Student: 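Take this structure, written in structure tokens, and hold onto it; I'll ask about it next.
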Number of protein chains: 2
Amino acid sequence: MTDASQLSASLEDYLEAIYNIIREKNAVRAKDIAKRLKVSNASVTGALRMLAKRKFLNYAPYDVITLTPEGERIAREIVRKHEVLRDFLVKVLSVDPGQADEAACRLEHGIPAEIVDRLVKFIEFLEICPLGGQKLVEGFRRHLKCGASDNCDMCIKLAQELASKEVSVPEKVKKNSLADLAPGEKGIIKKIRAKGTLRKRLMDLGLLPGSVVEVERVAPAGDPIEVKVRGYHLSLRNDEAKKVEIEVR
Amino acid sequence: MTDASQLSASLEDYLEAIYNIIREKNAVRAKDIAKRLKVSNASVTGALRMLAKRKFLNYAPYDVITLTPEGERIAREIVRKHEVLRDFLVKVLSVDPGQADEAACRLEHGIPAEIVDRLVKFIEFLEICPLGGQKLVEGFRRHLKCGASDNCDMCIKLAQELASKEVSVPEKVKKNSLADLAPGEKGIIKKIRAKGTLRKRLMDLGLLPGSVVEVERVAPAGDPIEVKVRGYHLSLRNDEAKKVEIEVR
DNA sequence: ACAAATATTTAGGCATACCTAAAATTATAT
DNA sequence: ATATAATTTTAGGTATGCCTAAATATTTGT
Ligand SMILES: [Mn+2]
Ligand SMILES: [Mn+2]
Ligand SMILES: [Mn+2]
Ligand SMILES: [Mn+2]
């Protein structure tokens with residue numbers, strides 16, 4: 001069961017905005033939505049009514065706005081599409097972040113979830129594959145800089161040389177679990193060191209062996225830890241993160 | 001000067017359909033457009049009126065339909081976006097062609113030309129780069145086959161092995177110019193062996209050193225030759241194609 | 001407590017983009 | 001040449017999704 005909820009691009013953007021604003025400020029006001037989407041307050045009221053009628057949010061005139069479980073599910077999927085697309089544009093194609101974000105927010109409505117999954121796999125493969133996908137991406141970035149569409153054997157050869165001379169990796173503390181990573185660091189999931197319900201829970205969240213996981217934020221107390229896997233944002237307790245065995249490249 | 005013509009996704013699809021139908025049958029009938037876009041004939045009439053009012057096509061009730069130069073320019077750009085996106089989905093991400101085509105036709109309306117250009121460069125880089133982008137894509141294809149999202153060290157190692165053992169290239173006739181290629185074959189443009197106006201014309205068409213060019217069709221007499229560069233379709237005379245020096249990988 | 005400021009909704013409109021059914025035009029076949 | 005068929009247009013209607021202005025409700029400062 002994937003979706004088939006058949007929302008318009010416009011309504012998807014409302015859901016996305018509501019979801020993001022709740023994440024940021026723990027509450028949504030119609031005015032914030034209007035501002036973010038650059039529409040009038042009146043338009044927001046109309047959209048809210050529609051989304052409530054379709055059971056994606058709980059809402060009555062002048063009342064507080066919350067997402068229903070179904071609404072939240074769909075909102076998360078849109079956010080995921082947005083982020084995967086933006087990451088691909090920025091990290092692989094080296095598109096300017098502002099432009100990438102704008103394009104991602106238009107493309108997100110036209111791309112099916114299966115293709116987003118495929119894109120995630122491709123981006124992960126670039127990081128995982130021993131053929132050196134990451135080097136290739138760096139080579140591409142360099143290639144872009146040496147001007148226009150000319151034949152630039154030079155920069156391509158440069159890429160080749162740099163790739164061959166193995167860069168000496170700086171000494172690093174051995175990091176074994178997701179709880180050892182600092183914000184911004186990434187690892188590849190090797191194993192889920194848990195059994196039963198917890199194991200199932202972690203796997204259901206998308207923490208599967210082979211996936212690349214990135215730590216986004218760590219709360220002052222080291223708990224909870226916010227991570228991103230396959231374009232999904234997750235919040236994990238420290239003792240959960242410790243159960244996720246990873247490998248740092 | 002790029003565009004800024006601000007056409008809706010719907011009108012872009014009408015232009016695209018008109019352009020493609022003209023290419024296929026040398027004439028457009030409202031009925032064909034309706035069939036291709038799965039809308040009623042009445043809807044087509046409305047769209048045609050709008051496009052004519054906006055000067056993208058020449059049209060009067062019951063009269064023949066032709067694209068204006070501006071309409072043709074925009075139509076070509078949409079077709080280019082469609083094809084680049086589809087190629088990326090099919091050739092890099094290994095998405096099923098049918099699904100890729102459908103997605104491409106939705107995404108084409110939300111992606112700016114500069115990002116399409118970037119995507120073209122990336123796809124070309126995968127073919128050109130000595131780090132072995134093509135091998136990486138093959139590795140990815142293999143990786144996809146070994147099931148779900150599991151950690152598949154096995155297939156990744158397989159990719160590595162296959163990449164290292166240099167496959168013996170079968171004897172091949174040395175191909176120097178674009179005119180030597182058979183349909184389906186590709187080459188990298190090395191040089192334009194022409195001067196003055198012809199040189200300029202070929203370069204303006206997008207035949208630039210470093211670009212990957214693919215032969216699509218060759219007319220029975222060997223003239224003209226249809227090729228694709230950077231997502232654009234071109235039709236070249238045989239003596240023009242001879243001036244384009246290429247290298248086969 | 002209550003006036004002023006702020007937020008939200010309602011009312012009334014407009015543009016796009018689709019539809020079906022009927023009318024008008026053009027093509028085709030005897 | 002004309003009846004019949006096919007195509008295209010017009011007429012009239014629906015649903016989205018946006019807007020501004022006015023009305024209503026809520027919040028805030030004193
Ligand atoms: Mn969006
Ligand atoms: Mn978005
Ligand atoms: Mn389209
Ligand atoms: Mn298309």
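Within every chain, numbering begins at 1; the chains are lettered A, B, ... in the order of the sequence lines, protein sequences first and strands thereafter. On a predicted model such as this, the values are computed, not experimentally measured, just so you know.
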Student: Which whole-number value in Å describes the distance from L48(A) CG to dT8(C) C1'?
Tutor: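 The answer, rounded to whole Å, is 10 Å.
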Student: What is the distance from CG of D63(A) to P of dT8(C), rounded to the nearest Å?
Tutor: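 Whole-Å distance recorded here is 12 Å.
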Student: To the nearest Å, how far apart are Y14(A) OH and dC18(D) C1'?
Tutor: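 It is 8 Å, rounded to the nearest whole Å.
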Student: If a pair satisfies side-chain hydrogen bond (donor to acceptor under 3.5 Å, both in side chains) and one of its residues is in residues 53-67 of chain B, list it, with sequence neighbours excluded.
Tutor: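 side-chain hydrogen bond (donor to acceptor under 3.5 Å, both in side chains) check on residues 53-67 of chain B returns N58(B)-T66(B).
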Student: Do D117(A) and R80(A) sit within salt-bridge range, that is, some charged N less than 4.0 Å from a carboxylate O?
Tutor: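 A salt bridge is present here (some side-chain N lies under 4.0 Å from a carboxylate O).
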Student: Using the closest heavy atom to pick a nucleotide of DNA chain C for each, name whichever of P61(A) or L11(B) lands nearer the 5' end.
Tutor: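 Nearest-nucleotide comparison on DNA chain C picks P61(A).
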Student: Going by the angle between their ring planes, with limits at 30° and 60°, are F125(A) and F140(B) parallel, tilted or perpendicular?
Tutor: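 If you compare the ring of F125(A) with that of F140(B), the planes turn out tilted.
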Student: To the nearest angstrom, how far is H109(B) atom NE2 from dA17(C) atom P?
Tutor: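 So the two atoms are 11 Å apart, to the nearest Å.
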Student: Could you state the NZ-C1' distance from K38(B) to dC18(C), rounded to the nearest angstrom?
Tutor: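 Atom NZ in K38(B) sits about 16 Å away from atom C1' in dC18(C).
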Student: Any ion pair linking E214(B) and K91(B) (charged N to carboxylate O, less than 4.0 Å)?
Tutor: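 Salt bridge flag = yes for E214(B) with K91(B).
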Student: OP1 or OP2 of dT9(D) versus the side-chain N and O atoms of R49(B): is any pair under 4.0 Å?
Tutor: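 R49(B) to dT9(D) OP1/OP2: no side-chain N or O under 4.0 Å.
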Student: Return the angle between end axes of the helix from dA1(C)-dT30(D) to dT30(C)-dA1(D), with five pairs used per end and rounding to 10°.
Tutor: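 The two end axes of the helix from dA1(C)-dT30(D) to dT30(C)-dA1(D) meet at 10°.
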Student: Determine the sole option in L202(B), I225(B), L205(B) for which the side chain to side chain contact (heavy atoms under 4.5 Å, CB included) test with L234(B) is passed.
Tutor: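 Passing option: L205(B).
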Student: Within the pair S43(B) and dC19(C), is there a side-chain N or O less than 4.0 Å away from OP1 or OP2?
Tutor: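 Yes, S43(B) has a side-chain N/O under 4.0 Å of OP1/OP2 on dC19(C).
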Student: Can you find a pair of side-chain heavy atoms, one from P183(A) and one from R217(A), that are under 4.5 Å apart?
Tutor: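 They are not in side-chain contact.
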Student: Base, sugar-phosphate, or nothing: which does A42(B) touch, judged by heavy atoms less than 4.0 Å apart?
Tutor: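 Since a base atom lies under 4.0 Å of A42(B), the category is base.
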Student: What residues, two or more places apart in sequence or in another chain, satisfy side chain to side chain donor-acceptor pair (under 3.5 Å) together with S94(A)?
Tutor: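 Partners of S94(A) under the side chain to side chain donor-acceptor pair (under 3.5 Å) test: R141(A).
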Student: Going by an N to O cut-off under 4.0 Å, is there a salt bridge joining R106(B) and E102(B)?
Tutor: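 Yes, R106(B) and E102(B) are salt-bridged.
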Student: Do R86(A) and D101(A) sit within salt-bridge range, that is, some charged N less than 4.0 Å from a carboxylate O?
Tutor: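 Looking at D101(A) together with R86(A), the answer is yes, because their closest N to O distance falls below 4.0 Å.
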Student: Atom pairs, N/O to N/O, protein against nucleotides 14-16 of chain C, distance under 3.5 Å?
Tutor:
none

Student: Let's see if you can work this out: which of dC19(C), dT10(D), dG17(D) has an atom nearest to the side-chain heavy atoms of V39(B)?
Tutor: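 The listed nucleotide nearest to V39(B)'s side chain is dC19(C).
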Student: Are the ring centres of F88(A) and F88(B) closer than 6.0 Å?
Tutor: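 Ring centres of F88(B) and F88(A) closer than 6.0 Å.
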Student: Can you find a side chain N or O atom of S40(A) that sits less than 4.0 Å from OP1 or OP2 on dC19(D)?
Tutor: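 For dC19(D), OP1/OP2 do have a side-chain N/O of S40(A) under 4.0 Å.
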Student: Between P on dT8(C) and CG on D32(A), what's the gap in Å once rounded to a whole number?
Tutor: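 Going from D32(A) (CG) to dT8(C) (P), I get 8 Å.
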Student: List every contact pair, protein side and nucleotides 3-7 of chain D side both N or O, where the distance is under 3.5 Å.
Tutor:
unit_1	atom_1	unit_2	atom_2	d
dT7(D)	OP1	R29(B)	NH1	3.3
dT7(D)	OP1	K31(B)	NZ	3.3
dT7(D)	OP2	K31(B)	NZ	3.1

Student: Send over the distance from I65(A) CD1 to dA7(C) P, rounded to a whole Å.
Tutor: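 Those two atoms, CD1 and P, are 14 Å apart.
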Student: How many Å lie between OH on Y59(A) and P on dT9(C), as a whole number?
Tutor: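 Rounding to the nearest Å, OH of Y59(A) and P of dT9(C) are 3 Å apart.
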Student: Taking only residues two or more places apart in sequence, or in another chain, which ones meet Y232(A) in a ring pair (Phe, Tyr, Trp, His ring centres under 6.0 Å)?
Tutor: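 Checked Y232(A) against ring pair (Phe, Tyr, Trp, His ring centres under 6.0 Å); zero matches.
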Student: Charged N to carboxylate O below 4.0 Å: is that the case for K81(A) and E108(A)?
Tutor: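 Looking at K81(A) and E108(A), the cut-off is not met.
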